[in-house]
Amino acid sequence: MDYVIVGNSAAGIGAVEGIRSSDKTGKITLFSDEPYHTYSRPLISYYLYGKVAEDKMYYRPPDFYERQGVTARLGTRVNSLSTAAKELVLESGEKVRFERLLLAAGGKPIVPPMPGRDLEGVFTFLKWDDVKALEKTLYPGVRTVVIGAGLIGLKATEALCHRGAEVSVVELANRVLSAILDEVAAGLVQESLAEHGVRFYLENTVAEILGEDGRVKGVRLQDGRELPCDRLVIAIGVSPNTSLAQGTEIEINRGIVVDEFLATNVAGIFAAGDVAEGYDFLYRQRRVLPILPNAYKQGFSAGVNMTGGRESYRGGFAMNSIGFFDLPMITAGIVKPEGSEFRELIHADAAKRVYKKVVLREGKVVGFIALNAIDRAGILTGLMEKEIDVAPFQEHLLKENFGYLHFPKEYRQEELWKGVLKHERA
Amino acid sequence: MSVLNAKGVYYRELNRQIRAQFASGVEEVRVQNVNGQRYIGDGISGSQRLILEGTPGNDLAAYMDGLELIVEGNAQDAMANTMNKGRIIVHGHAGDTVGYAMRGGEIYIRDSVGYRVGIHMKEYLDRVPAIVIGGTGGEFFGEYMAGGVLMLLGLGLADAAPIVGSYCGTGMHGGVMYIRGEVEEYKLGKEVKSVSLTAEDEEKIQHYVSEYVRYFGGDAAQILARPFNKLIPANKRPYGDLYCAW
Amino acid sequence: MTLSLSTPDFLIERNRDRCINCQVCVRQCANEAHIWDEEEQRVKSDDALCVDCQRCVTLCPTHALTIRKYPLEFRENANWSANAIKAIYKQAESGGILLTGMGNDQPYPIFWDHLLLNASQVTNPSIDPLREPMELKTFLGRKPEKLMVQDGKLVEEMPPQLELEVPIMFSAMSYGSISLNAIKSLAAAAEKTGIMYNTGEGGLHKDLYKYGKNTIVQVASGRFGVHPQYLEAGAAIEIKIGQGAKPGIGGHLPGEKVGLEVSQTRMIPEGTDAISPAPHHDIYSIEDLRQLIYSLKEATQYRKPVGVKIAAVHNIAAIASGIARAGADIIAIDGFRGGTGAAPLRTRDNVGLPIELALAAVDSRLREEGIRNQVSLVIGGSIRNSADIVKAIALGADAVYIGTAALISLGCHLCQKCNTGKCNWGIATQNPLLVKRLNPEIGAERAANLISAWEHEIKELLGGMGINAIESLRGNRLMLRGIGLSDRELSILGVMSAGE
Amino acid sequence: MKRVYAREEFCAGCKLCEVHCAVAHSEYPNDIIKAFLKQKVKPTPRVLVEENQPVSFALQCRHCDDAPCTKACISGAMQKDSLTGVVTNDESRCVGCWTCILVCPFGAVQRDAGGHKVASKCDLCSSNGGLPVCVQNCPNGALVFTDELWRR
Amino acid sequence: MLREGQVRIPSGCAISGIMNKRGEVFSGQDIIKSIALMHDRSNGLGGGFAAYGIYPDFPEHYAFHLYYEEQAAKEKTEQRLNSLFHVAESGKIPTRRVGSIHQAPLAWRYFVRPKPESLLEDESEDELVVRTVMHINSQIKGAFVVSSGKNMGAFKGVGFPEDMGEYFRLEEYKGNIWLAHGRFPTNTPGWWGGAHPFTLLDWSIVHNGEISSYGANKRYLEMFGYRLTMQTDTEAITYAFDLLVRKHNVPLDIAIATLAAPFWRDIERMDPERQKLFKTVRAVYGSLLLNGPFSIILGSNQGIVALNDRLKLRSLVAASQGDFLYVASEESAIREICPSPERVWAPRGGEPVIGLFEEGGNLV
């Protein structure tokens, strides 16, 4: 079997490992327009921060492709796809046939069509090359505006701060991290970043990038204010990089539409990761979930299915672990619910900057925020994943020592003794 | 029904015969000329009926676990010792220590009983044993009582005559006694207190009295006309403060 | 609140060079003698609460702890010992009966230690038990006067017997006085080693029915959990009249120890006191005992041996004789060093007899009366090792009960606080937190190991005497010599003096 | 594969497993006193005793067949050994993003309290090759290291 | 082997008693049937009877029943008797062979009257008899006085009581009071003297239970010259009655209230006069309080008294039918011989059942 994977990030690597979990011999060819051995996209902010050296950026060991039997064609752009011919056309014109294809090209930064976006000193923040370029231009006191107080924007902000930049963040929403935090939590995070010198302009956006001699010198905000700056980082978000699928009969909505087996509507072609639009079982609809764990898992399942397996990926939900300086947080699912079917359990301790919130729907956890109290938050993720009815122990969910202890004994033992438990029937 | 003649039959043989009868599927066994044979009905389970004519010996119905046992005569000591379940109806009086450590079942005794009746009687979940006595009770009535119901009707009692002996309910730490008439304070163990009846008590009393009347005749209304005295433990832990740790 | 005059009994010494403040001691002390000082961020102790159970010492990963006797010295007074004074302080403060656990700890003579065993030299050979057969199998129960054999077959079956692989049994300890895990340990060890354990008076927990063939079910004055299925569940029934630690005294399991499972097993409501009257109220005289024995035999249709357990008291020989004649198949005699979950101190320390004298007196009397075969004799009350057992059997016992030794094998450190329910070793407690400290698998293995070890030792000792079957030791007082005993004691023990 | 299983009915809550685990993964794996008293930061145990007495039990990484931490790890530090099945975190690669904490349904990954911001988790003492120290030092057999079916 | 007297042998029992209040005599058959019914209360190691009114031919003679284990004892005893008494008649007590009865001593009886010159100064005839009994029992090896009262006799030995009755052919006697005892001793007495009833003069006692106060009772009685050679409770009770009623002339009801004394609690509730009396009785005779379980039947030529200990730790049932009074450990033992008595009752603890002959009764 000839497998072709377009994309060299978590989904693509997941697919390699998924394929190899059942097909040790099939030919795998992997394309990436980036020249790098597989690296971790989320690490770019750590790289910028200085926490991760170049050699630690890689997602897998150097001999990964070799050991997995992958022909990695790095720095090779794929130009187009012919579903009928089952072949890819590379930038070079070379045609590559496939029997199974995985589209895992990830996302691309959203850059609004604002004036001045081509000025020198304007950066996006998605790829290693983005931060490598940015990094070269940094110096202590460099005035930087970051557009977008989302995950990427704030991670960039943290790194820039750490590197000595003076950072202002402009955000259209009324709070930072609006996708994963509610107002209270966002307030605490903002407060914390503000203590590190970050200035925030919320419910605002950049109307125009101001430049001089082809270089950025400031931004004018929607409200007319002008912020002088030396660098501008656009981190509004990413959108699925569906370009290869465009113009083919592959169904695209926001992302490439896939079924529970990560298959597109075209036989033999799969999609996974940030490019794909899979099922979010919390929102009970198809959604693009541009997060690494999701990408890897989708990739892995896709890989298995590409070999002829039938591994169902039942869908995921948004989940994030993120932190700024010493303020960690973990969030998942629906954190700011609307509707009477939800219940919120909240524990807040502003002084300790601790905030915990669990969102319940029909007795099950559908979202949570754990701010500055992240230890063992994964248990909540697990409860969401398995859709456990938490009603019998919901009063414990917010407790500091919440754990398996509070589960019904039967369930606890079932989980902790998984694999070796033999029930003795009376 | 089968009939056995106990005249001159040693208890071991008699009990063997009774067990054999029940084992063969007989639902009712009548034993005539019982006199002094011990252990009748010991440890027997089942719902059959055993009728004894005469005076059965000690340890009648010990560990009994079922059976309806009817004594047409008087019973001796230690009847219903550690009885678990069943029903005993005595058309006469009974001796000492009736229902020792009894845990379940009901006993109806037409006349009086001796000392230490209901001693260490217990109850557990739905097993609430009861002893209903038509006449009077002797000393140490309900001693150590830990559960169940003891009832004294004092029927046919002369006005001043005592319905129960001294040390009534000493060490009582569970259960309830209903005594028809007054019990002088000095006769009560210090672990017992007298409290007023609740509607639930009235209902229970009515139930037991109507059962009594069903077995032995009499006028339930007339029996119920005289007020009952309810005795319960003053304290579930009568000896909680007795000790100090060495 | 007035000043308490009580002073600590023990001193907790913590070697600060070794203490890593891991707080294992804090977590393991049910008496809360170890305390975590949040402010100081270190562990400290309250000596007054220490009972010297040694749990912390044993579990401390750095061996940083030592428990010593509290160095408080009252002014020297040969008459007024510190204990005598302290007892008065306690009673003056509480007005209560002094309550304690385990057995008599007073320095009365221990006759086992004044008896010496024989060994073969020259005139007969000793036996090597490692390579030659050595039989310890023991049958307990009434033996017929004589056998009738016809056509090579027995005319009559032997009355029901208990069959033991080793002449040792675990003595009665009720569920309530000790934990379910402790009982499970003993039950499983009994099964493993082919011996018996005894339910005590606390009924039979549902998990223990499977050990029925290794179970002696007890019927005591409180009749807790006694019903026909219970009587049928075991291999034998034992009527408990008394125990060595508190002859003449009843039992009292306080309501706080009657949790759900104890309640189910004893068949009394949760949280209520389980009071065992001092006497059986259907036994006020010896003929009443016969009545009870036969009521049990009748209820179980003569299929199980019925034993009677009594405390060793002054008139023990006559009492034992009476019990034999009342129809008991086994008499168990508990000496005054026998343990208990709770006993009034003064009773424990002052009432009863040493088992050695009681055993000798009873065995002699039953033989004189020619009824020794009618009944088996089991003794207990501080059997400390296999040599004690060999001596007991030579004095005339059929088997021994071990209680304290069994508990020690499970981890008991003899702190004598069983009555408090705070046993840090999970033995004498119903506190689920403490109970689970005793893993019955480990317990069973330890208890079984003890039995096996003693079995080996008994065989060694027997081999040394040139005996290869336990029957040949039973009542063989020629294998014993007394040392340091008065003539009267020698005569009661029925043994010659060392050197004779 | 062999894993450590807690028999909660026998957990005495002493936390000796935590103590010994911390030592084994400290700078002084063979000297408990030094590990605690000499090391500047108290060593972090990789086993956690969950406790709300009377219930307590030790919980450590389950080394899931389908280990979500390895899939979620953004740095590739968290790996499941394909031969032994042991999931280990390569602390030199770990960046302390806590995504593993986010996805671990057992809450079995700790943030190392030892000063470096890395995830810390049970490695089944794979470096010592024998019985994990928590199992070795449990005084009550409440921890078992097994891959056999266990009756309950 | 040590025997009763050398060692204390507690025992349990069955007791039964029948009297005809008008003094009419009846066969021993009934009492045997009654005690036989309670077979399981004894263990074959002791059975005995006391019978009153059985020697109408010698109403004023002391009837000595003696057991001899050896010829020498008989000779020594007879020498003693002959020196102190006129022996009107003597002979072997008739017996019959019974399979279960072994090692019976020689049973001999003597009808005697004291020689006036035998009496010491201030000594009554009764006291001479007592002195003689004490001497024989303690000084003559192999001889034992079973009974020594007038117109009465005790028959007892090792075996079940019904066998003992058969052995002594009691159905051939006619008496107006019959007491019986089935014994459950805690060892083999192997000796017929240890069986019940215990007698002195015309007192006889059958007893069920064990007196925990025996040691205190014994040492008190010894101050009054009694020699308690048997180490049995029964002996102590007999002597206690003898001391109180015969020697101290205490009324029977007070004697009873001495042995089964009311509790202080009950004394406090008495009227002042009685309170004073009972307080004094307990204070003076406290050492005679019989503590522990007992039910006894005391026989004498005046009638019988049946009594329980004050806690009623032993069972005792009484019944009456016409002139007959019955007492027994179990009701069935009465019904065996009197199927439908007019009245059946269980006396309370310490509450005596007293049956006196309508004529000549002067016990109270």
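Just so we're on the same page: letters track the sequence lines, and every chain starts at 1.
Chain B forms the most heavy-atom pairs under 4.5 Å with one residue out of C/Leu292, C/Thr272, C/Val219, C/Thr300, and that residue is C/Leu292. In terms of heavy-atom pairs under 4.5 angstrom with chain B, the leader among C/Ala342, C/Ala87, C/Pro277, C/Gly255 is C/Pro277. Heavy-atom pairs under 4.5 Å with chain B were tallied for C/Gln91, C/His252, C/Arg266, C/Gln416; the largest tally goes to C/His252.
Of all heavy-atom pairs spanning C/Ala299 and B/Gly43, the tightest one is CB-CA, 4.2 Å. Contact between C/Arg290 and B/Tyr39 at its shortest, heavy atoms only, is O-OH, 3.6 Å. B/Cys244 and C/Ser94 make their closest contact through CB-OG, 3.0 Å (heavy atoms, listed as atom of the first residue, atom of the second, distance).
Residue C/Asn83 touches chain B through both its backbone and its side chain, counting heavy-atom pairs closer than 4.5 Å. Both the backbone and the side chain of C/Gln264 come within contact range of chain B, judged by heavy atoms closer than 4.5 Å. The part of C/Gln301 that comes within reach of chain B is its side chain, from C-beta onward, which places non-hydrogen atoms under 4.5 angstrom from that chain. Residue B/Tyr239 touches chain C through both its backbone and its side chain, counting heavy-atom pairs closer than 4.5 Å. Heavy-atom distances place both the backbone and the side chain of C/Leu296 under 4.5 Å from chain B. In this structure, the portion of C/Lys417 lying under 4.5 Å from any heavy atom of chain B is its side chain and not its backbone. Both the backbone and the side chain of C/Ser263 come within less than 4.5 Å of a heavy atom of chain B. Only the side chain of C/Tyr284 comes within contact range of chain B, with heavy atoms under 4.5 Å apart.
Listed by sequence position, B/Asn15, B/Arg19 are the residues of residues 15-33 of chain B in contact with chain C, using a 4.5 angstrom heavy-atom cutoff. By a heavy-atom distance cut of under 4.5 Å, B/Ile119, B/His120, B/Lys122, B/Glu123, B/Tyr124 are the residues of residues 118-125 of chain B near chain C, going up by number. Of all residues in residues 73-82 of chain B, those placing a non-hydrogen atom less than 4.5 angstrom from a non-hydrogen atom of chain C are B/Ala78, B/Asn81, B/Thr82. Listed in order of number, the residues of residues 45-63 of chain B that approach chain C to under 4.5 Å between heavy atoms are B/Asn58, B/Asp59, B/Tyr63.
Expressed to the nearest 0.5 Å, how far OH of B/Tyr243 lies from CG of C/Leu345 amounts to 13.0 Å. Taking CE of B/Met172 as the start and CD1 of C/Ile275 as the end, the distance is 12.0 Å to the nearest 0.5 Å. The structure places OG1 of B/Thr97 at 11.5 Å from CD1 of C/Ile283, a figure rounded to the nearest 0.5 Å.
In C/Gln229, the CD atom is crowded: over 12 heavy atoms of neighbouring residues, nucleotides or ligands sit closer than 6.0 Å. Summarising the local packing, NZ of C/Lys69 is surrounded by 12 or fewer heavy atoms from other residues, nucleotides or ligands at distances under 6.0 Å. For CD of C/Gln106, the number of neighbouring non-hydrogen atoms (other residues, nucleotides, ligands) closer than 6.0 Å is greater than 12. With a 6.0 Å radius and a threshold of 12 heavy atoms from other residues, nucleotides or ligands, B/Asp241 has its CG atom at or below the threshold.
Put simply, the side chain of C/Lys90 reaches to within 4.5 Å of the side chain of B/Trp246, judged on heavy atoms.
Looking at C/Arg223, its side chain never comes within 3.5 Å of a backbone N or O of B/Arg103 through a donor-acceptor pair.
In this structure, C/His281 and B/Tyr144 have tilted ring planes: the angle between them lies in the 30° to 60° band.
Taking the centre and axis of the six-membered ring of C/Tyr302, the NZ or CZ atom of B/Arg12 falls inside the cone set by 45° and 6.0 Å.
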